[in-house]
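For reference, the structure discussed in these notes is given below.
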Amino acid sequence: MSQPALWALVVLGLAEVVVRRRSVGVALVALQGLILGGLALDEVHGTGGLAVATAILVVRAVALPLLLGRAIGRTREPRRIASERLALGRFVAAVLAIVLAVALVPPLGLTDRAAEHAAVALVLLGIVIAALRRPVVFQVIGFLVAENGVYLATLAVDGGLPAVIEIGLLADLVLAVAVAGVFGARIHERFGTSDTSLLERLRD
Amino acid sequence: MTDLLVIAAPALALLTAVLLALVPARLLDGADALLSTLTAAVAIALAVVALTGHGDPDGGWYVLDGATGVYLIVVAVVGLLSALASAGHLASVHARFFARGVPQRSYYVALQLFWAALIAVPLVDNLAIAWILIEATTAASALLVATSGKATALEAGWKYLVLTTLGLAVALLGIVVLYAAVPDGAATSLSRLDWSAIHAAAAGLDPDVALVAFVLIVAGLASKIGWAPVHNWLPDAHSEAPPPVSALLSAALLPTVMLVAWRAQAALAPALDGTGSALFLGFGLISLAVAVPFLWRPLPLKRLLAYSSLEHMGILALGIGFASPLATAGVVIHVAGHALAKSLGFYAAIPLLRADERLSTQPPSGLGGVDPAGATAVGVSLGSLSGLPPSPLFFSEVLILAGGVAAGELVVVAVAATALALGFLGLAHALITSVAGERPAPVDPPARAAHRRHRLAWLTTAVVGGLICLSVAVYALPGSQLIDDLMRGVT
């Protein structure tokens with residue numbers, strides 16, 4: 001698997017931890033989807049596999065980012081979200097997470113060790129993004145990055161995953177993002193902003 | 001015939017969702033009641049087939065062993081009761097989250113879709129398909145959790161959605177690693193992840209890879225099951241959701257996802273040494289340790305029940321971790337008993353919250369004088385959940401601890417027994433305060449006449465009957481054919 005592509009994926013994930021504008025965040029995750037689609041089309045064999053890979057490419061690189069873009073358009077922020085901690089702190093945490101992942105995860109038995117590292121790094125980055133970023137859209141981007149990591153792992157499996165599972169996973173992803181979109185709209189209606197640090201009233 | 005029943009059970013719930021999206025609004029409650037009864041009847045018929053051993057345990061794309069039978073009954077009964085109780089709940093609460101169109105319609109459709117996926121999970125013979133269904137339950141149930149549209153409900157639903165989706169992504173990574181490790185000998189590559197196929201291939205797997213896959217899968221599913229330390233969404237989601245949905249979440253969803261983790265452990269057992277059990281025991285002890293202190297606090301009713309769910313999922317994790325026949329018998333009784341007692345507690349909250357809004361933020365107190373039927377229901381529920389004999393949960397906890405002694409895990413048993421005793425004291429205190437404590441100031445304006453309480457009284461009676469039957473079954477279950485056949489579809 002192409003090393004520059006793997007590096008690009010991880011760098012894009014890191015960028016998601018620090019970028020400020022939501023539209024840039026969505027564009028970066030679209031770019032990740034595009035690179036993954038390219039890697040998939042490189043590995044695929046047979047027309048069935050080609051169809052599935054193309055469908056996944058269209059959804060991850062075009063359809064979902066468009067959906068997120070529309071959601072951003074409908075939920076304008078009155079001001080910059082002040083509750084976000086320092087970008088540098090987030091960046092350091094993300095880099096630490098990647099280093100830990102690469103150091104600690106044993107061989108997973110996939111065809112490409114570099115792809116294994118990148119996949120685990122992306123899943124961890126997704127968790128870090130969802131944990132440290134405040135705007136609703138960035139938390140959605142967090143789980144998209146994590147799912148992109150898992151997809152990268154499936155690309156490194158000999159023979160690929162069965163089409164049924166791939167389509168099922170894609171459907172679940174679209175469903176999750178759609179539900180997240182509904183939540184984002186309601187949260188914005190309720191609070192006037194999609195800053196999730198306002199969602200911290202439940203305590204014991 | 002069995003094939004037809006297996007397809008019919010979840011398909012009927014799906015069909016109900018479609019029909020409820022189309023019927024006129026005034027027919028919604030009636031249509032929901034009728035169709036849900038039908039779905040539950042088919043699911044219970046299927047469970048009977050599974051439990052009497054008539055079904056082929058490994059019938060190709062579905063599995064009908066003892067575990068499927070037990071879980072189908074639990075999901076069918078709790079789902080039916082929730083569907084029936086929803087009408088009463090929606091009559092008194094405005095579902096502000098579903099602002100477009102008829103709110104009740106969206107609620108019912110989401111509920112039926114949630115139920116359909118829940119019915120299908122114990123039936124499917126494939127780890128990947130089970131994952132896909134569990135992810136689908138997350139989407140439907142997140143919408144249901146936020147039904148009331150309040151700020152706290154939005155918070156609970158959002159946290160639930162994000163945390164469980166991330167956890168499931170980790171589990172999916174584990175499934176991909178497992179898929180890559182299982183050799184490609186099967187007919188179609190999808191069947192590589194069939195439970196029996198995984199079990200057959202397990203002995204030949206590289207132990208390190210099998211361990212990594214197993215840990216990823218179980219740790220990922222743990223966030224959905226609500227085991228501490230990845231349980232943060234659980235108290236919020238179960239307390240903010242409408243009571244019928246909370247009942248389904250606590251009594252049906254958590255144990256069903258746990259079934260998938262259990263089957264994964266049974267399937268991969270030849271490849272793991274003691275680490276599989278150690279992981280479950282760890283989650284169990286940490287869940288108990290986190291939950292028990294909260295049972296001592298004065299919490300509102302639904303939040304108390306939510307922490308009780310955390311405690312009980314911890315006990316179930318211990319039962320699976322001990323992996324001895326006694327403990328397995330205990331787990332079976334515990335799943336059924338917990339479902340009955342927990343759902344009664346949540347259903348009792350519907351009329352109680354309607355009569356006194358303060359109960360959503362204050363602990364219940366002195367209900368005995370104000371609302372006898374509600375007090376009885378809460379009393380039976382909390383009493384059973386605390387493990388007070390003759391509750392079946394007492395016997396199941398004894399069985400699980402005995403199984404732990406049989407497995408040689410004496411330290412774990414000692415710690416667990418202490419935690420359970422403390423939990424019992426906490427819940428017993430909550431029980432006494434709720435029923436016989438200081439009466440609250442009268443509600444202003446006064447609550448309407450308790451004319452619907454007879455439904456709650458009937459439900460309480462039925463649940464008490466069910467609990468007593470389970471307690472009696474404790475004598476017959478250990479050593480029985482059911483326990484031997486429990487994981488027949490996997491091994």
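Just so it is clear: chains get the letters A, B, ... in the order the sequence lines come, proteins before strands, and each one is counted from 1.
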Separation of I141(A) CD1 from R133(A) CZ (nearest 0.5 Å): 8.0 Å
Chain B contact via E189(A) - which portion, at a heavy-atom distance below 4.5 Å: side chain
Chain B contact via A180(A) - side chain, backbone, both or neither, heavy atoms under 4.5 Å: both
Options V162(B), L133(B), L143(B), I129(B), ranked by heavy-atom pairs under 4.5 Å with chain A, top entry: L143(B)
Option that, when pairs with chain A are counted at under 4.5 Å, heavy atom only, ranks first among A180(B), A151(B), A181(B), A142(B): A151(B)
Test log, rule ring pair (Phe, Tyr, Trp, His ring centres under 6.0 Å), inputs F183(A) and Y160(B): CA-CA 11 Å; F183(A) 265 95; Y160(B) 172 50; 9.2 Å; no
Closest-packed option against chain B by number of heavy-atom pairs under 4.5 Å, given D158(A), T154(A), L169(A): L169(A)
Which atoms of A213(B) approach chain A - backbone, side chain, both or neither, heavy atom under 4.5 Å: neither
N/O donor-acceptor pair under 3.5 Å between E116(A) side chain and L110(A) backbone: yes
Distance (rounded to the nearest 0.5 Å) between T193(A) OG1 and R134(A) CZ: 12.0 Å
Part of F191(A) within contact of chain B (heavy atom distance under 4.5 Å): side chain
Region of R190(A) that comes under 4.5 Å of a non-hydrogen atom in chain B: side chain
Any donor-acceptor N or O pair under 3.5 Å, side chains K224(B), T138(B): yes
Region of A169(B) that comes under 4.5 Å of a non-hydrogen atom in chain A: both
Contacting region of P107(A) [heavy-atom separation from chain B under 4.5 Å]: backbone
Distance, nearest 0.5 Å, that separates CH2 of W131(B) from CD1 of I165(A): 11.0 Å
Interatomic distance, F138(A) atom CZ to I129(A) atom CD1 [nearest 0.5 angstrom]: 8.5 Å
